[in-house]
Amino acid sequence: MCGICGGVDFRQDRREDERREVLAAMTATMACRGPDDEGLHLDAHAALGHRRLAVIDVPGGRQPMALPPRPGTDVPEAVLVYSGETYNFRELRAELTAAGHTFRTDSDTEVVLHAHREWGRRDPREAVRRMNGMFAYALWDPAAQELVLVRDRLGIKPLYYLPTADGVLFASEPKAILADPRVERRVTLDGLRRLLAWVHDPSNAVFAGMCEVPPGAVVRVTREGVREERYWQLADTGHTDDVPTTVRRVAELLEDTARRQLVADVPLCTLLSGGLDSSALTALAAQYTDGRIRSFAVDFTGYEDNFRADDVRGTPDAPYVREVAAHVGTDHTDIRLSTEQLMDPDVRRAALHARDLPMGLGDMDTSLYLLFRAVRERSTVALSGESADEVFGGYRDFHDADTVAADTFPWLAGRMMRADPGDPGLLDPGLSGRLDLPGHLDAQYRAALAEVPELTGPAADDPHERRMREICFLYLTRFLPNLLDRKDRMSMAVGLEVRVPFCDHRLVEYVFGAPWAHKTFDGREKSLLRHATAHLLPESVVQRVKSPYPSTQDDAYEKELRERAAALLRRDDSPAAPLIDRKAVAARIDAPLDGGSGMHARFQLERVLDVDAWLRDYDVELDLR
């Protein structure tokens, strides 16, 4: 895991010392992503920066990494800066060795370099398709004068780029691109739409002109310009396996994925919530770990003793965490957080800086940051159950008839985020009218539906099967990337690598292709995962109803949130003032903030505070024309 940045400039009118200074500044913004090492590469047109978190081949995996020059030249054949993990690098290395390649290190980075040399000369996608992993990297070919930007299939690792007049800038995080003094920190109405809509859109990274490399894509940059090319996307697989065969295949894929993702030369652990996903993953990991595997859980002071069930969360995590830890035999640690920690201004500032954007998740972000910071004191790599709900259909929204029937993104119609997109909420009414979020969301929704692969086979004539194919596709492509970005940013902000085995593309492809009737064959959510792993888990966890990531129920947190929002309204210098309806904010301060619908109100207040801090700390120029 690491941070990468740089760019190409085919005109190159900067002095050498200025270029190096800018590259060093870009690289320095991501020191937290790579606390172990730093490297820079500059040539006539390319600049590549790298910050390293050493996980595999600690002494030998330094970057930027280059292939030796071709005979008769002194220019490297290719230069790579790489972030992430290629889990099948050992198999690829054996195949490449048999083809005549020689290796100087034991790192997966060098395998990626040679894979492009062997299979990706004409089309880099041919090399990437052979890789199983989570990765984002930039490959510079000096002879061809081409930069290739690559992102993994599900978008686990982030990668941003900004086309310029003479090339492109790229980085793992926007803050690195913004470190180039030529880049405007400008946000237009289009950027605000992306910021306010919980819908992933790689063509719009909020800051004007900035994009993401789409999941499952490469971006090729030459003198002729910039073009995106897909190497992977969800497709109809023509699933013909019956339910017992499907369960067995899911179990096989999970076991193979767990084994692959336990490879590390540094301490490794699991994140355990007591739900089916993290518990199954912890039990699988324990099977292939020598000794006891470490596990960590987040909890809040007094949460279990004073827990209040609502229409979002029915049970606290702690009793299930204890049961799984005892059943599996993990070396377990609870990270218990107080309201004082969650509301600490330095912690909130760190979480906002990690995200680069004011997402407004409040304690759900700060608690994740604090959890990862504590985990990092004992481990460098953690396995997470993220994405199992999207892959296997675990959210309640998948199983609510009204939500499924809603003609919009299901999470916007569901119980967690239910809100009328036409209601300006806390936005200035005039600004809300110019934004036209209902129109924007509808256009995004129609575009997403147009990408859904056609359902084939016996289920093709079943309207419910067709609709559930759409719902699954929307969650995997428009919702999941937001969660993956959150997990990456919060973990890498403290130098922790978090792996997500449920995002193994083989598993995602197989389960996506299975009929919805298979995914709910026992009349419940996540039937395939439950039956594939039930033999590893306590019965209470097997039967536990889905409970989302916890949020504190401490009244003191809500009181402090209201007071800070009220203090913002009293300030005359708030940079958020042009964006908000002060009367609406004042009314929201006095409204209930707990429970299902109350969570949406709470997020609104959190976002007002975050937007105010973001505009100030990032020196953002708002262009609201």
Side-chain angles (χ1 to χ4, degrees), residues 86-88 90-91 129-134 152-154 156 216 232-263 270 275-288 383-395 398 452-460 462 465-466 468-469 471-473 475-477 480 499-537 541-542 546:
T86 299
Y87 299 121
N88 64 335
R90 289 173 174 166
E91 296 96 318
R129 289 188 181 111
R130 294 173 178 263
M131 299 176 195
N132 176 307
M134 57 174 192
D152 64 64
R153 293 167 178 84
L154 275 296
I156 305 168
W232 182 88
Q233 56 191 348
L234 287 168
D236 183 81
T237 58
H239 191 94
T240 57
D241 292 346
D242 61 14
V243 169
T245 303
T246 302
V247 171
R248 285 197 299 272
R249 180 57 179 155
V250 167
E252 291 168 356
L253 287 167
L254 287 172
E255 290 167 2
D256 182 69
T257 298
R259 280 196 298 265
R260 289 178 183 274
Q261 300 202 20
L262 285 168
V263 175
T270 69
L276 176 63
D277 315 337
S278 66
S279 300
L281 183 59
T282 297
L284 283 164
Q287 289 190 131
Y288 307 112
L383 302 186
S384 166
E386 195 81 87
S387 82
D389 286 308
E390 290 79 10
V391 173
F392 290 100
Y395 293 120
F398 282 92
V452 180
E454 184 178 356
L455 186 64
T456 61
D462 184 333
E465 283 284 352
R466 290 199 302 271
M468 295 315 297
R469 163 64 66 84
I471 298 288
C472 292
F473 183 87
Y475 262 104
L476 286 167
T477 63
L480 176 60
R499 300 177 180 177
V500 280
F502 290 115
C503 278
D504 184 288
H505 72 274
R506 301 166 303 161
L507 178 68
V508 173
E509 289 171 345
Y510 185 75
V511 177
F512 178 74
W516 182 250
H518 281 30
K519 298 173 188 175
T520 55
F521 73 86
D522 64 356
R524 289 195 57 190
E525 78 285 354
K526 290 191 283 196
S527 305
L528 295 175
L529 177 60
R530 179 177 296 102
H531 284 262
T533 60
H535 63 290
L536 300 171
L537 301 172
V541 173
V542 173
K546 164 70 182 175

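Residue Glu390 is tested with Val508, Leu154, Leu480 for a side chain to side chain contact (heavy atoms under 4.5 Å, CB included); the sole match is Leu480.
At least one donor-acceptor pair under 3.5 Å links the side chain of Lys519 to the backbone N or O of Val511. Between the side chain of Asn88 and the main chain of Asn132, a donor-acceptor pair closer than 3.5 Å is present. Side-chain atoms of Arg153 do not come within 3.5 Å of backbone N or O of Asp504 as any donor-acceptor pair. When atom types are taken as modelled, the side chain of Glu465 and the backbone of Ala517 share a donor-acceptor pair closer than 3.5 angstrom. For Gln233 (side chain) and Gly216 (main-chain N/O), no donor-acceptor pair under 3.5 Å exists by modelled atom type.
The distance from the CZ atom of Phe502 to the CD atom of Glu386 is 11.0 Å, given to the nearest 0.5 Å. With rounding to the nearest 0.5 angstrom, the CZ atom of Arg499 is 12.5 Å from the OG1 atom of Thr257.
The two residues Leu507 and Pro501 come nearest to each other via the heavy atoms CD2-O, 4.4 Å.
With 3.5 Å as the limit, one finds no donor-acceptor pair spanning the side chains of Ser527 and Arg530. No side-chain N or O of Tyr395 forms a donor-acceptor pair with one of Glu525 less than 3.5 Å apart. Remark: the Asp241 side chain and the Tyr510 side chain contain an N/O donor-acceptor pair separated by less than 3.5 Å.
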query: Going through the checks in order, is the salt bridge (charged side-chain N to carboxylate O under 4.0 Å, His left out) test met by Glu252 and Arg249?
result: CA-CA 5 Å; Glu252 291 168 356; Arg249 180 57 179 155; 3.4 Å; yes
task: Would you check, one step at a time, whether the test salt bridge (charged side-chain N to carboxylate O under 4.0 Å, His left out) holds for Arg260 with Glu91?
output: CA-CA 11 Å; Arg260 289 178 183 274; Glu91 296 96 318; 2.9 Å; yes
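Below 30°, between 30° and 60°, or above 60°: for His531 and Phe521 the angle between ring planes is between 30° and 60°, a tilted geometry.
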